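What follows is one structure encoded as structure tokens, with my remarks underneath.
None of the values given here were measured: they were computed from a predicted structure. Note: hydrogens, waters and symmetry copies are ignored here, and every other heavy atom, side chains too, is used.
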Amino acid sequence: MSDGVHARGLRYLRARWRVLVRLGGWSVLETGQTFLTGFAPARALDEGFLAGRTGTGLAWLGVAGLGVLLGAYGTVRVYAAVAALVEPLRDALVTRVVSRGVREADAGALSGLTQQVEIARDTFAGLVMVSRSFVFTAVGAVAGLASLDPLLLLVVGPPLVAGLALFAATLRPLARRQADFLVADEALADGLGRVCPGLRDITAAGAEDRVAARTGRLVDTEQRTAYSLAHWSVLRVASLAVGGQLPIVLLLACAPWLLDRGVTAGALVGALAYVTQSLLPALNNLVHGLGTSGSRLVVVVRRLVRTAASDDERTHPARPTPETGRPDPHDRPPGTPTPAPALSLTSVSFAYGPTATPVVDALDLALAPGAHLAVVGPSGIGKSTLTTLVAGLLRPTAGEIRLCGHPVPSPGAAARRVLIPQEAYVHTGTLAENLGHLRAEPVPEAELLEAAEAVGLTPLLEALGGPTAAVDPGALSAGERQLIALTRAYLSYAPLVLLDEATCHLDPRAEERAELAFARRPGTTLVVVAHRISSARRADRVLLMDGRRTAYGTHDELVRDSPAYRELVGGWSAVPSKRSEPALSLRDPDRVDAVAGTGLAGDGGHVVAHGPVGQMQTPRDLRDGGPLGRER
């Protein structure tokens with residue numbers, strides 16, 4: 001990728017050769033200033049002050065001052081030429097970032113526009129300035145040394161060349177380690193950005209050790225890259241010492257030898273002026289500029305100019321079909337292999353800690369594309385943990401999970417699943433922005449309205465004032481937020497949909513409509529953590545999670561063959577009353593029973609008896625639920 005960035009950079013410079021010529025022309029004045037920095041004082045001493053001609057000495061110093069004025073004038077023109085070279089780069093990067101942010105809904109567009117583009121602009125300008133300055137300063141200094149006495153070049157030249165050679169040899173590995181450090185630093189910042197807002201959830205799930213270990217690995221990685229960068233930076237300092245400091249020592253140490261061979265005192269002073277006032281500062285700027293800013297520029301530009309194809313491959317695992325607006329896994333050329341299972345778990349186990357009882361224990365499961373699975377079981381048995389594992393938010397302690405052939409967790413798997421939890425999140429903005437949050441491009445209004453109708457959001461959409469209406473999350477009920485989240489998932493391109501009690505705040509009719517919408521969605525595999533018996537009845541297969549009594553099959557098969565499932569169904573419909581009343585003390589407006597009671601009728605309109613809605617599955621609850629045995 002860095003080679004691609006270098007090629008782009010060369011093409012960019014070749015297209016602006018006229019600006020480079022103008023930049024070089026004005027830089028010649030800086031070469032003249034550097035030449036006079038040592039030559040004029042040398043003549044002022046040899047032909048003026050040491051010869052008793054004060055006027056001549058002052059005249060040569062005046063020439064040196066004139067050189068400073070000419071150099072300053074050239075520097076002003078150099079800045080204008082650098083701006084003509086740098087600003088088009090900034091404009092091109094801004095155009096690319098805005099295009100990707102507006103048209104493709106790139107989440108990193110804001111950071112790219114406000115930080116990365118400006119870093120690239122300033123760093124590129126700095127690199128142009130220090131590189132140009134060193135080249136033209138070195139030419140002026142070498143010409144001046146040769147004019148004063150060629151013997152001076154014999155003393156100053158070898159260490160200068162050696163320092164440059166040492167710096168050139170360390171430039172590539174140093175830049176690579178600088179890039180590694182920047183990547184590690186960004187990974188740590190991103191990891192902390194994810195962890196800090198979710199500390200309460202991490203504590204509630206008992207995942208402190210796991211998260212701490214993952215964060216610790218990020219810290220260790222940054223520490224290792226920082227140490228490696230520091231080690232190579234020592235060589236950078238050594239190259240500066242050899243190329244810039246050693247010539248001063250050699251000039252002073254060789255002064256008697258030089259004077260004996262006809263080098264004048266003024267020439268020796270002029271040589272010291274060249275090294276201390278010109279070569280050393282220019283070399284220092286070059287070493288620090290290319291060694292640090294150069295690698296930073298490569299990293300930033302590499303991210304800003306990544307191709308649209310790579311973005312599409314990462315964010316769009318499958319392109320939508322013209323008819324449905326979403327991927328169709330069955331639309332493939334003849335003779336292609338049968339697609340991988342939509343979801344497969346192989347001997348998957350998970351425990352919240354090394355000594356804790358496994359919540360999931362050696363589970364095997366395979367779902368074909370288009371399957372509809374309901375996951376049921378007592379409260380705290382690990383149903384939400386299973387969906388979290390499938391989503392890649394937790395890593396199994398043993399076994400393997402694959403999603404559409406991609407290992408979980410991985411970017412390919414994450415792009416192919418959508419998880420809707422019990423507590424749906426809605427952000428401020430328009431309703432269309434909320435609904436299209438998982439799409440890279442703006443959702444056509446016709447498709448948005450079709451999805452709203454399928455899921456059952458249309459009444460709320462009309463009540464709010466249409467897709468362009470502003471949304472106040474605090475003014476929405478829990479059920480309304482769930483409908484928005486469900487429609488958002490329906491509009492995504494993810495072929496695997498995980499509903500973790502995502503309809504618990506909806507009445508039975510609304511829940512049925514939403515689940516059937518996903519079941520009929522082309523190319524969709526649906527996994528539902530069920531909280532009503534009706535969800536299990538609608539599913540093609542049911543997974544009962546109940547420790548060693550784990551079972552898998554259709555609803556009718558489990559009713560016939562699984563005592564644990566019959567017991568659970570009996571809890572759902574213990575007393576065949578006309579209706580199920582909510583707890584009178586709460587009067588939940590969303591019609592969610594706060595506690596399970598004997599009056600809960602099967603599919604009577606309320607949450608079933610596996611536990612209160614909203615109850616946290618703490619590590620203790622999960623362990624008390626017992627292990628989940630291998631599926632049979």
Side-chain angles (χ1 to χ4, degrees), residues 343 345-352 356-367 371-390 396 399 422 498-501 503-504 511 515 526-576 580 593 595-604 606-613 615 617-632:
L343 176 64
L345 289 81
T346 305
S347 300
V348 171
S349 299
F350 178 79
Y352 285 98
T357 302
V359 180
V360 179
D361 190 6
L363 176 64
D364 294 318
L365 180 66
L367 295 180
H372 181 180
L373 174 70
V375 182
V376 301
S379 177
I381 200 63
K383 302 184 296 298
S384 293
T385 300
L386 178 62
T387 60
T388 307
L389 286 167
V390 171
Q422 177 180 331
L498 305 169
L499 303 183
D500 184 9
E501 298 201 21
T503 59
C504 64
E511 177 185 67
E515 287 184 7
L526 179 62
V527 177
V528 180
V529 174
H531 66 285
R532 292 189 179 102
I533 191 174
S534 54
S535 292
R537 285 172 174 163
R538 282 190 291 269
D540 302 329
R541 290 290 186 272
V542 178
L543 173 65
L544 169 65
M545 298 179 66
D546 193 13
R548 299 187 181 278
R549 300 187 295 175
T550 296
Y552 178 75
T554 66
H555 169 74
D556 293 337
E557 290 171 348
L558 293 183
V559 169
R560 183 186 68 238
D561 301 331
S562 173
Y565 188 72
R566 287 198 299 272
E567 180 183 344
L568 183 65
V569 171
W572 268 327
S573 53
V575 177
S580 171
D593 287 304
V595 294
T598 58
L600 288 173
D603 202 18
H606 302 285
V607 176
V608 298
H610 73 282
V613 173
Q615 174 181 332
Q617 292 191 355
T618 63
R620 173 181 165 186
D621 293 332
L622 296 171
R623 288 195 294 270
D624 291 344
L628 174 60
R630 182 180 297 274
E631 176 211 338
R632 292 174 174 80

Discussion item. For a side-chain contact (heavy atoms from CB on, under 4.5 Å) check, start with the C-alpha distance between T554 and V542, then their side-chain angles and the critical distance, and finish with the verdict.
Written reply: CA-CA 6 Å; T554 66; V542 178; over 6 Å; no
Worksheet entry | Separation between OG of S562 and CD of E557, rounded to the nearest 0.5 Å | 11.5 Å
Discussion item. A side-chain contact here means heavy atoms from C-beta on lying under 4.5 Å apart; do R541 and L367 qualify?
Written reply: no
Worksheet item: Say you draw a straight line from CG of L386 to CE of M545; how long is it, rounded to the nearest 0.5 Å?
Response: 5.0 Å
Practice prompt. Kindly indicate whether the side chain of E515, heavy atoms from C-beta on, has any atom under 4.5 Å from the side chain of T503.
Written response: yes
Discussion item. Minimum heavy-atom separation for P396 and G399, please, with both atom names.
Written reply: CG-O, 4.2 Å
Worksheet item: Within a strict 4.5 Å, meaning less than it, do heavy atoms of the L389 and V360 side chains meet?
Response: yes
Discussion item. If I take atom OG1 from residue T550 and atom CG from residue L363, how far apart are they, to the nearest 0.5 angstrom?
Written reply: 7.5 Å
Discussion item. So, taking the atom named OG1 in T387 and the one named CG in L499, what distance separates them when rounded to the nearest 0.5 Å?
Written reply: 10.0 Å
Worksheet item: Is the closest basic N to carboxylate O distance between E501 and R532 below 4.0 Å?
Response: no
Discussion item. Closer than 3.5 angstrom, by distance alone: can the side chain of K383 be matched with the main-chain N or O of G377 as a donor-acceptor pair?
Written reply: yes
Discussion item. So, applying side-chain contact (heavy atoms from CB on, under 4.5 Å) with L365, which one of L373, T346, V527, V390 is it?
Written reply: L373
Worksheet item: Taking only residues two or more places apart in sequence, or in another chain, which ones meet H555 in a side chain to side chain donor-acceptor pair (under 3.5 Å)?
Response: Y565
Worksheet item: Side chain of S349, backbone of A362: donor and acceptor closer than 3.5 Å?
Response: yes
Worksheet item: What is the minimum heavy-atom distance between A351 and T357, and which atoms define it?
Response: CB-O, 4.0 Å
Worksheet entry | Candidate pair T385 and T388, rule side-chain contact (heavy atoms from CB on, under 4.5 Å), full reasoning | CA-CA 5 Å; T385 300; T388 307; 5.6 Å; no
Worksheet item: Backbone N or O of V559 within a donor-acceptor pair of the R566 side chain at under 3.5 Å?
Response: yes
Practice prompt. Could you grab the distance from atom CZ of R538 to atom CD1 of I533, nearest 0.5 Å is fine?
Written response: 11.0 Å
